[in-house]
Amino acid sequence: MLEIKFLRQNLSDVQKALKARGQSADLHAFQKCDEDRRMILQEIEALRHQRNVVSDQIAEMKKAGENADILVAEMRDVSIRIKELDKDLTLKQEQLDEILLGLPNLPHSTVPMGKDESENPVIKTVGDPAQFGFDPKAHWELGQMLGILDFERAAKITGSRFPLYFGAGAKLERALINFMLDIHTTSHGYTETLPPFIVNRQSMTHTGQLPKFEEDLFKLSNWDYFLIPTAEVPVTNIHQGEILDEDKLPLCYTAYTPCFRSEAGSYGKDTRGLIRQHQFNKVELVKFTTPETSYDELETLLADAESILQKLQLPYQVVELCTGDLGFSAAKTYDIEVWMPAQGVYREISSCSNFEDFQARRANIRFKRKGKKGTELVHTLNGSGLAVGRTLAALLENFQQSDGAVVIPDALVSYLGGMEKIAP
RNA sequence: GGAAGGGUGGCUGAGUGGUUGAAAGCGGCGGCCUCGAAAGCCGUUGAAGGUGCAUGCCUUCCGCGAGUUCGAAUCUCGCCCCUUCCGCCA
């Protein structure tokens, strides 16, 4: 959510920024609503003031044994009028909230202009894709050959786009989760958390999934609860409504959770393999920072996510999302894309964003500076560190041998009880 | 699911209709003391919003929402959450 005062004073700049995102918004409706609301508010406050003053008078008169019937009758009318105006105010406030909650964040000044993902600049490429003396197989073929992935049976259990792992596959997924959590907690200073996988409507609104993107979520039928699409939601909401101490910042959390996404509108896209599932595992990184450090923290967050790929010896590139590809809540985002040899493309495996105070304002997460009056909103950041299913897919494809076996990178061997390769 | 109790400021915790934004304590900040610190003492210390060039003024906020009243932290009703006990259960 944008600050209402800022919006009021910078309407044309905001309009421009929205256009860069490829969106248009009816900011005139906002302007009108905002003005109406303030008019009503001022009238209400004046009436309340009158009532407060006169009520004190009434108390004095009664104490003195005088008759206050006339004032009481007057104030009865004032109260009725206040009640009427209150209804108007609530209505205006709701309209205003609807507009404000529907406006995306503004791109940071360093975000490159562009219309869609085709215009995301690559800012670095790390590692050399392996040369195969044969046609590399897709991970779903390898998974099937090795007997560690079974999408057909998963479809019987639930439906399409659900994963089912067996044996070394299940163990590898678990090993990756442990490996990532261990690195982030012991080498990068994150605190491990294990949050709820189901959250309420408020939490979803705080991080920006709601109200606009409800169709992307799985909702429980008899509850106003949702399955989380990412650990970002529960972990960012750990501190909703809190005033944090300045010297506790930055707060850095990591969490493993499964993630659930309806993938509405992606029919026919990435239908095979582990790339686009309704349920997948992810290790997430979340930070709460002061405003002046958030962009430095974004760089280290990115480096923390990258280090996992480096330790796994997976080739990748980092792209910067252009204005047209930026997510709703983000001010700036880097995507890490891992090399997938079978398709010959880089695929997103992590997305690292600074939300500045956009989520903090919705979730009311503030901090207090030492010796200073008042509070300020924190900045929130998060990134995948990493998407586990996609990491497993990348491992299978990048480390496959001509006989279909898959070599385990050194960093993971101890997590697999010494297993160095998955053989058919 | 049944029964009881409870949700008050950064924290603990008083407060049952009219200077209560709210006692007290802790914490924070400033000062005195000290070579310096601790202890002690004194003072100070909530947030959000509206308005104004501004010192400021005003409004709201005691879980949430309605209601009673001239006036509600305080009375009534509904809801949410927490704790304890019982039942059921991984």
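Below, chains carry the letters A, B, ... as their sequence lines are ordered, and counting in each starts from 1. Since the structure is predicted, the reported quantities are computational estimates derived from the model, not experimental observations.
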Q.
Which nucleotide wins on minimum distance to the side chain of A:Arg38, given the candidates B:C58, B:A47, B:U51?
A. B:U51
Q. Distance between the P atoms of B:G63 and B:G87, in whole angstroms?
A. 33 Å
Q. Atom CG of A:Asp69 to atom C1' of B:U69: distance rounded to whole Å?
A. 14 Å
Q. Quick one: is B:U69 close enough that its OP1 or OP2 comes under 4.0 Å of any side-chain N or O from A:Ser79?
A. no
Q | Separation of B:A72 C1' from A:Asp56 CG (nearest whole Å) | A | 14 Å
Q. Just checking, is any N or O donor in the side chain of A:Thr380 or A:Gln359 under 3.5 Å from an acceptor N or O on the other one?
A. yes
Q | Modelled atom types, side-chain donor and acceptor of A:Tyr253 and A:Glu284, under 3.5 Å | A | no
Q.
Please determine whether a side-chain nitrogen or oxygen atom of A:Arg8 lies at a distance below 4.0 Å from atom OP1 or OP2 of B:G50.
A. yes
Q: Give the nucleotide from the list B:G50, B:C58, B:C70 with an atom nearest to the side chain of A:Lys5.
A: B:G50
Q) Within the structure shown, what part of the strands sits under 4.0 Å from A:Leu41 by heavy-atom distance: base, sugar-phosphate, or nothing? A) sugar-phosphate
Q: Write down the distance separating the P atoms in B:G46 and B:C85, rounded off to the nearest Å.
A: 40 Å
Q. How is A:Lys62 classified with respect to the nucleic acid when contacts are heavy atoms under 4.0 Å: base, sugar-phosphate, or nothing?
A. base
**Q.** Side chain of A:Thr375 (C-beta onward), nearest among B:G50, B:A48, B:G71
**A.** B:A48
Q | Options B:G67, B:G18, B:G49, nucleotide nearest the side-chain atoms of A:Ala59 | A | B:G18
Q | Per A:Asn52 side chain, nearest of listed nucleotides B:U60, B:C58, B:G71 | A | B:U60
(Q) Only pairs with both distances under 3.5 Å count, Watson-Crick or wobble alike; so what is the partner of B:U51 in this structure? (A) B:G56
(Q) Measure CG/A:Asp245 against C1'/B:C11 and give the value in whole Å, please. (A) 11 Å
Q) In terms of the angle between their ring planes, are A:His184 and A:His188 parallel, tilted or perpendicular, with boundaries placed at 30° and 60°? A) tilted
Q) Under 30°, 30 to 60°, or over 60°: which ring-plane class applies to A:Phe218 and A:Phe162, parallel, tilted or perpendicular? A) tilted
Q: Return the nucleotide paired to B:A73: Watson-Crick means purine N1 to pyrimidine N3 with N6-O4 or O6-N4, wobble means G-U with N1-O2 and O6-N3, both under 3.5 Å.
A: none
Q: Kindly point out which of B:C70, B:G50, B:U68 is positioned nearest to the side chain of A:Arg76?
A: B:C70
**Q.** Protein-nucleotide distance (A:Ile58, atom CD1; B:G17, atom P), rounded to Å
**A.** 19 Å
Q. Paired with B:U12 by Watson-Crick or G-U wobble geometry, both distances under 3.5 Å: which nucleotide is it?
A. B:A24
Q | Partner nucleotide, any strand, of B:C64 [Watson-Crick/G-U, under 3.5 Å] | A | B:G78
Q: Would you indicate which nucleotide in B:G49, B:U51, B:U68 comes nearest to any side-chain atom of A:Lys83?
A: B:U68
Q. So what's B:G1 paired with, Watson-Crick or G-U wobble, going by both distances under 3.5 Å?
A. B:C86
Q) Quick one: A:Glu242 CD to B:A47 C1', roughly how many Å, whole number? A) 15 Å
Q: Take atom C1' in B:C33 and the same atom in B:C42, then report the distance between them in whole Å.
A: 11 Å
Q) B:U59, B:C70, B:U51: which one has an atom nearest the side-chain heavy atoms of A:Glu45? A) B:U59
Q.
Between B:U68 and B:C57, how many Å separate the two C1' atoms, rounded to a whole number?
A. 32 Å
Q: Using the P atom on both, measure B:A90 against B:G13 and round to a whole Å.
A: 36 Å
(Q) To check you understand the geometry: which heavy-atom pair defines the closest contact between A:Leu142 and A:Gly404, and what is its length? (A) CD2-O, 3.8 Å
Q: Take atom NE2 of A:His49 and atom P of B:G71, then tell me their distance rounded to the nearest Å.
A: 17 Å
Q) Which value, in whole Å, describes the distance between the P atoms of nucleotides B:A23 and B:G5? A) 28 Å
Q) With rounding to whole Å, what would you report as the distance between B:G21 and B:G15 at their C1' atoms? A) 13 Å
Q | C1' spacing across the pair B:G7 / B:C62, given as an integer number of angstrom | A | 10 Å
Q) Paired with B:G40: which nucleotide, if any, by Watson-Crick or G-U wobble criteria at under 3.5 Å for both distances? A) B:C32
Q: May I ask you to check whether A:Ser307 and A:Asp304 show a side-chain donor-acceptor distance below 3.5 Å?
A: no
Q. Take atom CD in A:Glu420; do more than 12 heavy atoms of anything else shown fall under 6.0 Å from it?
A. no
Q.
What is the separation between atom CD on A:Gln240 and atom C1' on B:C81, rounded to the nearest whole Å?
A. 13 Å
Q: When you get a sec, tell me which of B:U60, B:G10, B:C70 is the closest nucleotide to the side chain of A:Arg48?
A: B:U60
